[in-house]
Amino acid sequence: FAYVTTNSITQGQPVPALFGPLFEDGWRIKFAHRTFAWDSEAPGKAAVHCVIVGFTKDLDTKQRLWDYDNAKGAPKPVALEHGINAYLADGANVLVTKRSKPLSAAITEAVRGSQPTDSGHLIVDVEDYPSIAADPIASKYLRPYRGAKELIHNTERWCLWMEDLDPKDTESSPILRERIESCRSWRSEQKPTGDAYKLKDIPHLFRPNGKRPKTQYLCIPRHVSETRAYFTSQRYEPEVICSDAVFQCADPDGLQFGLISSSMFITWQRATGGRIKSDLRFANTLTWNTFPVPELTDKQRADIIAGGKAVLEARALHPERSLADHYNPLAMGPALLAAHKKLDTAVDKAFGASRKLTTYQQRLELLFANYVRLTHEQ
């Protein structure tokens, strides 16, 4: 049998859910077409990204695979060395499942940012910033606040971060007192079974987040445009507060930034991660904790950190540009491209390549091979 379906079934969490039972029942992929666009002839038609997958129980049959240079192009046969797996890659037949902890010792845990749970009373927008910054008491608690929009588009927002609030300051600052009172009032009006109501007695605080990094850390957006050549993230000092619209992980030396900024990671993200519409969807349990980084030597670690530093230095040449500007697929700066090539060389070699790799499939084969080895070792 065979089916035509949206390509979502070969990405992310649906893969083990669908292919696992089929493989256990003795079915194997006989042929497949990777992602292509299928246009409907109906009025107001929308192109759907599809795959075709055929199955057989004849283990001796020759597998056949077709790929497309672009979603609307013509199919081209792919020469197979290992076989077609559930991700329609030429590689080990594995099913990547969620993990609560990182598979690799090189990866630090990524957690959600801090949630205000306050209907906006602890958040300071651009129009409110001047009055709060002019208040000598309230301004002590102003911190830069970064969600996905601020991270990607370099826009400004702040929050009142009062972990070390002096109770006397609420008496001296009407602005501070009004904001805290409004937060308490809002939380008190919420459903008694909800988190907001349970936080009504600490109206000056965000929802407790004991895993918030206290050192330099990596800020990771939940979603990245599929057109990006690299996954866009940024390192911040602990004084910058991340919202719960992003993930964060401790990164004191820059290794995490180097790894996530590499072609190797976005290859893994594209293959095993989910999507929202067509955008890549980061998941700490599915794409980060499973990222199969092998054990690194001191030199490999230093080279990846140096490669990440080169990327940051290339970005700094144009401080007026946002991450969206830097990673415009039609207009990436030469210095930034060169820095990423340096980083890719370091990461590809750390994963076992003899040189910088040039194709998505080359990296995917290495990734699945490392995933098999690391999971078997554990």
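Residue numbers start at 1 and run along the sequence shown.
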Subject >> Parallel, tilted or perpendicular: ring planes of F1 versus W27, cut at 30 and 60 degrees >> reply: perpendicular
Original post:
Ion pair present between R355 and D344, side-chain N to carboxylate O less than 4.0 angstrom?
Top reply: no
**OP:** Test E181 against S185 for side-chain hydrogen bond (donor to acceptor under 3.5 Å, both in side chains), laying out the working first.
**Re:** CA-CA 6 Å; E181 282 287 357; S185 176; over 6 Å; no
Original post:
Between E377 and R373, is there a salt bridge with N-O shorter than 4.0 Å?
Top reply: yes
Subject >> Steps toward side-chain hydrogen bond (donor to acceptor under 3.5 Å, both in side chains) verdict (T117, Q115) >> reply: CA-CA 6 Å; T117 318; Q115 181 176 328; 3.2 Å; yes
Subject >> Student check: side-chain heavy atoms of R212 and Q248 closer than 4.5 Å >> reply: yes
Original post:
Below 4.5 Å, heavy atoms only, C-beta onward: do Y68 and P75 meet side chain to side chain?
Top reply: yes
Original post:
For K356, does the NZ atom sit with more than 12 other heavy atoms under 6.0 Å from it, leaving out its own atoms?
Top reply: yes
Original post:
Hey, does the side chain of R301 reach the backbone of L296 with a donor-acceptor pair shorter than 3.5 angstrom?
Top reply: no
Subject >> Test log, rule side-chain hydrogen bond (donor to acceptor under 3.5 Å, both in side chains), inputs S322 and D325 >> reply: CA-CA 5 Å; S322 66; D325 295 330; 3.2 Å; yes
**OP:** Would you mind checking if K168 and E171 are paired as a salt bridge, meaning a charged N to carboxylate O distance below 4.0 Å?
**Re:** no
Original post:
Any side-chain heavy atom of N85 within less than 4.5 Å of one from I29?
Top reply: no
Original post:
Sequence neighbours excluded, which residues qualify as ring pair (Phe, Tyr, Trp, His ring centres under 6.0 Å) partners of F31?
Top reply: none
**OP:** Measure the shortest side-chain to side-chain distance between R179 and S182 over non-hydrogen atoms and say whether it is less than 4.5 angstrom.
**Re:** no
**OP:** Kindly say whether the aromatic ring centers of W288 and F265 come within a distance under 6.0 Å.
**Re:** yes
Original post:
What residues, two or more places apart in sequence or in another chain, satisfy ring pair (Phe, Tyr, Trp, His ring centres under 6.0 Å) together with Y3?
Top reply: F55
Original post:
Got a donor-acceptor contact below 3.5 angstrom from the Q269 side chain to the R281 backbone?
Top reply: yes
Original post:
Looking only at atom types and distance, does a side-chain atom of E189 sit under 3.5 Å from a main-chain N or O of W186, one as donor and one as acceptor?
Top reply: no
**OP:** Just do the ring pair (Phe, Tyr, Trp, His ring centres under 6.0 Å) check on F282 and F291 with the steps written out, would you?
**Re:** CA-CA 12 Å; F282 178 90; F291 188 35; over 10 Å; no
**OP:** Please check if the side chain of D125 supplies one atom and the backbone of E127 the other of a donor-acceptor pair under 3.5 Å.
**Re:** no
**OP:** Count the heavy atoms of every other residue, nucleotide or ligand shown that sit under 6.0 Å from CG of D298, and state whether that count exceeds 12.
**Re:** no
Original post:
Below 4.5 Å, heavy atoms only, C-beta onward: do K101 and E109 meet side chain to side chain?
Top reply: yes
Original post:
Can you tell me if CZ on R99 sees more than 12 non-hydrogen neighbours from other groups inside 6.0 Å?
Top reply: yes
Subject >> Beyond-backbone contact of I304 with L343, side-chain heavy atoms, under 4.5 angstrom >> reply: yes
**OP:** Supply the members, apart from Y145, of the Ile/Leu/Val/Met/Phe/Trp/Tyr cluster built from side-chain contacts under 4.5 Å; use none for a lone residue.
**Re:** L122, I123, V124, V126, Y129, I132, I137, Y141, L142, W158, L160, W161, M162, L165, I175, L176, I180, F206, I241
Original post:
When you look at OH of Y236, are more than 12 heavy atoms from neighbouring residues, nucleotides or ligands closer to it than 6.0 Å?
Top reply: yes
Subject >> Any P208 side-chain heavy atom under 4.5 Å of L199 side chain >> reply: yes
Original post:
So does D118 pair up with R187, basic N to acidic O under 4.0 Å?
Top reply: no
Original post:
Are any non-hydrogen side-chain atoms of F257 and I305 less than 4.5 angstrom apart?
Top reply: no
Original post:
For Q63, does the CD atom have more than 12 heavy-atom neighbours from other residues, nucleotides or ligands under 6.0 Å away?
Top reply: yes
Original post:
Between H340 and Y327, is a ring pair (Phe, Tyr, Trp, His ring centres under 6.0 Å) present by the stated rule, with each step listed?
Top reply: CA-CA 11 Å; H340 271 287; Y327 291 93; 5.5 Å; yes
Original post:
Quick one: do E237 and R143 make a salt bridge, cutoff under 4.0 Å?
Top reply: no
Subject >> Salt bridge present between D67 and K76 (N-O < 4.0 angstrom) >> reply: no
**OP:** Assign the ring pair F23 / F19 to parallel, tilted or perpendicular, where the plane angle (0 to 90°) is split at 30° and 60°.
**Re:** tilted
Original post:
Has K57 got more than 12 heavy atoms of other residues, nucleotides or ligands less than 6.0 Å from its NZ?
Top reply: yes
